[in-house]
Amino acid sequence: LDVGCGSAEFASQLAASVPTAEYVGIDASPLALRRASERGRPGRYAAADAGALPFADCVFDAVISSFALEHFSEPKAALAEMARVVRPGGHVLILTLAYDRPLGTIPSIRFGVSRLPRRHPLNIAVYAARRGRFAARQAGKQLRFLVDRSYAPFELVGSPLVLEGTYEADMDAVHVVSGRAVLRTLEREGLEVVETSLPRGARGYWAPPFGFTVLARRTAASRSVAHASSRVPR
């Protein structure tokens, strides 16, 4: 299962490397799925919400989500659903961008006054103030990670460009994704983190990579399965 598959580039790669694999892609964008079909991507596709997958429990050997988590309206629900639909012994692979570095990129933060030139002193001043607030907030977030094991935030981006029809690049996002929050959420859902590019120890809190991967394995019934309402597979 490819969650947030877009135009399903991964489907072709999977078919080339594992010809017997059955690929299923879901995305909230009918346009992306139409492009996947037009480009002849192998597999099956469905328009669906990542936070409410239209599949029964424990039906997939593997679930992947590549650079999509930061665009989901409910990232924690999406991670819980990935844990629910993967079978025991199966794997969940997340590739995403970590926006929580204090000095890192700020998704969808604009220069201040759109009617003024982009590098007008007023715009630069407003942008600097917003960037400063963001950096202070992210530094505080990393400090809380150190002292509170229950902390796993996904911060909403105010007025994201991607929802205003001005989306131009993957740098725009709906949520500020924290690598530490992804790991903790998967573990709470009954998955074991097998491998991650997120550094462990203090460095992992203060200098997380801009992009990171997490490979997790389901070793037992996830919390999502234990509490899920019945769903009809499609």
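Please read these numbers as outputs of a predicted model, since none were measured by experiment.
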Peer 1: Any heavy-atom pair between the side chains of R35 and R41 that's under 4.5 Å?
Peer 2: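 R41 does not reach R35 side chain to side chain.
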Peer 1: For the side chain of H175 and the backbone of F72, is there at least one donor-acceptor N/O pair under 3.5 Å apart?
Peer 2: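 Here the side-chain-to-backbone pair exists.
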Peer 1: So which heavy atom on T196 is nearest to which on L183, and how close?
Peer 2: OG1-CD1, 4.0 Å
Peer 1: Using the rule given for side-chain contact (heavy atoms from CB on, under 4.5 Å), can you reason through Q142 versus D100, listing the C-alpha separation, both sets of side-chain angles and the distance that settles it, and then say yes or no?
Peer 2: CA-CA 8 Å; Q142 301 310 310; D100 59 338; 2.9 Å; yes
Peer 1: If every non-hydrogen atom of L191 is compared with every non-hydrogen atom of A83, which pair is closest and at what distance?
Peer 2: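 Smallest interatomic distance, heavy atoms only, reads CD1-CB, 3.4 Å.
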Peer 1: Checking side-chain contact (heavy atoms from CB on, under 4.5 Å) for the pair L79/E189: CA distance, chi angles, key distance, verdict?
Peer 2: CA-CA 8 Å; L79 290 171; E189 295 300 332; 5.7 Å; no
Peer 1: Any Lys/Arg nitrogen of R184 or E187 sitting under 4.0 Å from an Asp/Glu carboxylate oxygen of the other?
Peer 2: no
Peer 1: Are any non-hydrogen side-chain atoms of C5 and L33 less than 4.5 angstrom apart?
Peer 2: yes
Peer 1: Please check this pair: side chain of S29 against backbone of A32, looking for a donor-acceptor N/O pair closer than 3.5 Å.
Peer 2: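 The answer is yes, because a donor-acceptor pair under 3.5 Å joins these two groups.
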Peer 1: Nearest 0.5 Å, what's the CZ-CD distance between F55 and E81?
Peer 2: 10.0 Å
Peer 1: Carefully, step by step, assess L97 and F67 under the rule side-chain contact (heavy atoms from CB on, under 4.5 Å).
Peer 2: CA-CA 7 Å; L97 300 176; F67 300 107; 3.7 Å; yes
Peer 1: Going by side-chain contact (heavy atoms from CB on, under 4.5 Å), name the residues that satisfy it together with V147, two or more places apart in sequence or in a different chain.
Peer 2: none
Peer 1: Checking Y23 now: which residues fulfil side-chain hydrogen bond (donor to acceptor under 3.5 Å, both in side chains) with it, not counting sequence neighbours?
Peer 2: D2
Peer 1: For the backbone of S150 and the side chain of R188, can you confirm whether one donor and one acceptor N or O come within less than 3.5 Å of each other?
Peer 2: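 Side chain of R188 to backbone of S150: a pair is present.
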Peer 1: For M82 and V63, work out which heavy atoms get closest and say how close.
Peer 2: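 Heavy-atom minimum between the residues: CG-CG1, 3.8 Å.
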Peer 1: Side chains of K141 and R180: closer than 4.5 Å at any heavy-atom pair?
Peer 2: no
Peer 1: Are there over 12 heavy-atom neighbours, none belonging to E155, within less than 6.0 Å of that residue's CD?
Peer 2: yes
Peer 1: Would you check, one step at a time, whether the test side-chain contact (heavy atoms from CB on, under 4.5 Å) holds for V176 with F134?
Peer 2: CA-CA 10 Å; V176 176; F134 183 87; 4.0 Å; yes
Peer 1: Quick check for you: to the nearest 0.5 Å, what is the distance between N123 atom CG and R119 atom CZ?
Peer 2: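 Result: 10.5 Å between the selected atoms.
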Peer 1: Going by side-chain hydrogen bond (donor to acceptor under 3.5 Å, both in side chains), name the residues that satisfy it together with D49, two or more places apart in sequence or in a different chain.
Peer 2: none
Peer 1: Are the side chains of P153 and F145 in touch, meaning some heavy atoms are under 4.5 Å apart?
Peer 2: yes
Peer 1: Please determine whether residues V3 and L31 belong to a single hydrophobic cluster, defined as Ile, Leu, Val, Met, Phe, Trp and Tyr linked transitively by side-chain heavy-atom distances below 4.5 Å.
Peer 2: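 Different hydrophobic clusters.
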Peer 1: Which atom names give the shortest non-hydrogen contact between A11 and P42, and what distance separates them?
Peer 2: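 For A11 and P42, the tightest heavy-atom pair comes out as CB-O, 3.4 Å.
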Peer 1: Check this for me: does any side-chain nitrogen of one of R44 and E22 sit under 4.0 Å from a carboxylate oxygen of the other?
Peer 2: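 Salt bridge between R44 and E22, a charged N being under 4.0 Å from a carboxylate O: yes.
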Peer 1: Using a cut-off of 6.0 Å, state whether more than 12 heavy atoms not belonging to E9 lie near its atom CD.
Peer 2: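 Enclosed.
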Peer 1: Taking the side chain as everything from C-beta on, heavy atoms only, tell me whether T96 gets closer than 4.5 Å to F212.
Peer 2: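 T96 reaches F212 side chain to side chain.
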Peer 1: Would you check if R87 and D61 make a side-chain contact, meaning some heavy-atom pair closer than 4.5 Å?
Peer 2: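 In contact.
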Peer 1: Look up atom CD1 in I94 and atom CG in L186, then write down how far apart they are to the nearest 0.5 Å.
Peer 2: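 Taking CD1 in I94 and CG in L186, the distance rounds to 6.0 Å.
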Peer 1: Kindly say whether A181 contributes a backbone atom to a donor-acceptor pair with the side chain of K76 at under 3.5 angstrom?
Peer 2: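 Not at all, since once roles are kept as given, no pair shorter than 3.5 Å links the two residues.
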Peer 1: Looking at every non-hydrogen atom in both residues, tell me the closest pair between V182 and V214 and how far apart they are.
Peer 2: CG1-CG2, 4.3 Å
Peer 1: Can you measure from CG (L93) to CZ (F10) and round to the nearest 0.5 angstrom?
Peer 2: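 That separation rounds to 8.0 Å.
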Peer 1: Which heavy atom of R84 sits nearest to which heavy atom of R218, and what is that distance?
Peer 2: O-NH1, 3.5 Å
